[in-house]
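Following: one structure in structure tokens, then a few remarks.
The structure presented is a predicted model; accordingly, all values stated were derived computationally and were not measured.
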Amino acid sequence: QVQLVESGGGLVQAGGSLRLSCAASGRTFSSYAMGWFRQAPGKEREFVTAINWNGGNTYYADSVKGRFTISRDNAKNTVYLQMNSLKPEDTAVYYCAADVSRMYSNYLRKKVNEYGYWGQGTQVTVSS
């Protein structure tokens with residue numbers, strides 16, 4: 001079992017920044033990949049970014065590439081999402097997710113149904 005708790009969401013003006021955190025507990029955090037997804041009202045949940053077990057491999061959706069950065073601190077069992085140059089279209093509930101299907105793998109999954117554990121989400125609202 002893995003428990004995930006997101007924090008750091010809020011209201012920010014366009015062009016601003018936020019840093020989301022996701023604290024994990026349960027299975028050995030340092031052994032599995034993590035991802036961030038988001039879901040805007042009336043839309044399907046979509047992939048944002050993912051990071052492998054040791055932070056050596058990352059992948060970003062085109063919509064956030066160059067603006068968002070994912071990182072992890074395995075000593076703190078936490079994954080982060082630094083969001084810069086925010087746009088109104090980034091408004092959504094952001095979820096972190098854990099992929100425990102492969103241990104110590106560099107493979108990064110991008111589909112919702114490929115992640116087995118999810119946090120409760122944190123709201124990010126970007127005003128224009």
Ser128 versus Ala14, closest heavy-atom pair with distance: CA-CB, 4.4 Å

Atom pair OH/SG of Tyr115 and Cys96 - distance to nearest 0.5 Å: 11.0 Å

Enclosure of Gln120 CD (heavy-atom neighbours >12, cutoff 6.0 Å): yes

Pairwise side-chain contact, Arg38 with Ser63, heavy-atom cut-off 4.5 Å (strictly under): yes

Closest heavy-atom pair and its distance - Thr78, Ser21: CG2-CB, 4.2 Å

Check: Tyr94 and Glu6 side chains under 4.5 Å, non-hydrogen atoms: no

Common cluster, Leu108/Tyr60, ILVMFWY with side-chain heavy-atom separation under 4.5 Å: no

Side chain Thr58, main chain Ile51, donor-acceptor under 3.5 Å: no

Residue pair Leu86 / Phe68, side-chain heavy-atom distance below 4.5 Å: yes

Non-hydrogen atoms of Gln82 and Ser17 that approach each other most closely: NE2-CB, 4.0 Å

Shortest non-hydrogen contact between Gly9 and Thr122, atoms and distance: N-OG1, 3.2 Å

Check: Thr49 side chain, Tyr59 main-chain N or O, donor-acceptor pair, under 3.5 Å: yes

Gap between atom NZ of Lys110 and atom CZ of Phe47 - 0.5 Å precision: 6.0 Å

In one Ile/Leu/Val/Met/Phe/Trp/Tyr side-chain cluster, 4.5 Å: Met34, Trp118: no

ILVMFWY network linking Val12 to Leu81, side-chain heavy atoms under 4.5 angstrom: yes

Heavy-atom side-chain contact between Val79 and Phe29 under 4.5 Å: yes

Value rounded to 0.5 Å, distance of CG in Asn52 from CG in Asn106: 4.5 Å

Nearest-0.5 Å distance, OH of residue Tyr104 to CH2 of residue Trp53: 7.0 Å

Exceeds 12 heavy-atom contacts within 6.0 angstrom, atom NZ of Lys111: no

Inter-residue atom distance Tyr95.OH - Arg45.CZ, 0.5 Å rounding: 4.5 Å

Met83 side chain near Leu20 side chain, heavy-atom distance below 4.5 Å: yes

ILVMFWY network linking Val64 to Val112, side-chain heavy atoms under 4.5 angstrom: no

Closest non-hydrogen atom pair between Thr91 and Ala40, with its separation: O-CB, 3.7 Å

Electrostatic pair Asp90-Lys87, nearest N-O below 4.0 angstrom: no

NZ or CZ of Arg19 within 45° of Tyr80 ring axis and under 6.0 Å: yes

Pairwise distance CZ(Arg72) to CG(Asn77) - rounded to 0.5 angstrom: 9.0 Å

